[in-house]
Protein chains: 2
Amino acid sequence: MAENLRLWLRLLSTTTMIEAELRRRLRAQFNTTLPRFDLLAALDRAPEGLTLGEVSARMMVTNGNVTGLATRLEAEGLVARRPDAQDRRAVRLRLTPAGARAFAQQSAAHAAWVRELFAGLSGAERAALHRLLGRAKQSLNGINQEEAA
Amino acid sequence: MAENLRLWLRLLSTTTMIEAELRRRLRAQFNTTLPRFDLLAALDRAPEGLTLGEVSARMMVTNGNVTGLATRLEAEGLVARRPDAQDRRAVRLRLTPAGARAFAQQSAAHAAWVRELFAGLSGAERAALHRLLGRAKQSLNGINQEEAA
DNA sequence: TTGACATGCTTGAAGCTTAAAACATCTCCT
DNA sequence: AGGAGATGTTTTAAGCTTCAAGCATGTCAA
């Protein structure tokens, strides 16, 4: 059924449009990018910092990706690498004070943008969409389990 | 409200998960990528071919992006560049016979994968999700119009 | 305890993506 | 006709992303 295909294309284009708008605003107002913002956001929720592996799992990207991202953000003074106390293989990443300040500003703007972008939907519509996306994720997890089996 | 943020994060992660799965399968089974597939798909729907600009609009990516993509696919013999008859600035891109054959195979598999990935949702759920995503896109278009004004 | 395998990170090569600048051609007004 | 501005493509530099390979460290079983 082409119905499934249309659903997927619409899901993809909706996400792409929102992402493009957020990227544009992050660049225009903060001269930063979505991956950088996402990395700061992950660290902001983790006062103890995160290992690079934990970051890459949360961001759903590869380890090598996080290595490069962290290196650039470190050069800008927004995050700091420090050896993990327990595991000498691991590197723990945390926000610097400057990084925390930058993220606080970006985060507030980002939340307002997202609210604005979904403003055309009623509360009930947003709730229904949230629920259905949850169902879609369940559907996906079913697939991945089968693959692993 | 953090509710909007959660909705956005769920929308993003759902899309990312599906995209990752499709990428993985395109690579494993056809040794290709999603952008290549998307470009072939755009051309497949256009028997007369498309200018690079038309392709970039359909794919929602920049012109420069399409230039590179087209160059690689041309090197692989799947698409052909030819000057546009009406406009000497424009380059018209079309599938070669080999490109059409490759896309036919990939397309059939892709449609089946998408069907599989959404199999956990009922028809009613898929219809509702499709409708709500349409509403979300309306919401976005409202924003963009305001910006342009 | 030591060797085999797992895990955490980095590196390198390739490809994807963008923004901005450059260039060619087109359109349209005067 | 001429010129101003729009449009179509390419190029460049920078960053993002993946995969695969490599190195360091950890774990666990014989």
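Chain A is the first sequence line, chain B the second, and so forth, proteins listed ahead of strands; every chain is numbered from 1. No experiment lies behind these values; they were computed from the predicted model shown.
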What integer distance in Å separates B/L69:CG from D/dT10:P?
-> 12 Å
What string of B, S and - do you get for nucleotides 7-13 of chain C, 5' to 3', if B is base contact, S is sugar-phosphate-only contact and - is no contact with any protein heavy atom under 4.0 Å?
-> BSBBB--
Donor-acceptor pair, side chain of B/R25 and main chain of B/W113, under 3.5 angstrom = no
Rounded to whole Å, CE of B/M59 lies from P of C/dT17 at a distance of 7 Å
Is there a side-chain contact between A/E19 and B/L12 (heavy atoms, below 4.5 Å)?
-> yes
Are OP1 or OP2 of C/dC26 and a side-chain N or O of B/R88 less than 4.0 angstrom apart?
-> yes
Trace of the ring pair (Phe, Tyr, Trp, His ring centres under 6.0 Å) decision for B/F103 with B/F37 | CA-CA 7 Å; B/F103 178 71; B/F37 174 78; 5.4 Å; yes
Ranking D/dT25, C/dT25, D/dT18 by distance to the side chain of A/T62, first place goes to D/dT18
Cut-off 3.5 Å, side chains only: do B/R81 and B/T71 have a donor facing an acceptor?
-> yes
How about B/H130 and A/R6: does a side-chain donor come under 3.5 Å of a side-chain acceptor?
-> no
With rounding to the nearest 0.5 Å, note down the distance linking CG in B/L117 to CG in A/N4.
-> 9.5 Å
Which nucleotide in the list D/dC16, C/dT18, C/dC16 gets nearest to the side chain of B/V61?
-> C/dT18
Would you jot down, in residue-number order, the residues of residues 29-39 of chain A having a non-hydrogen atom under 4.0 Å from DNA chain D?
-> A/T33, A/P35, A/R36
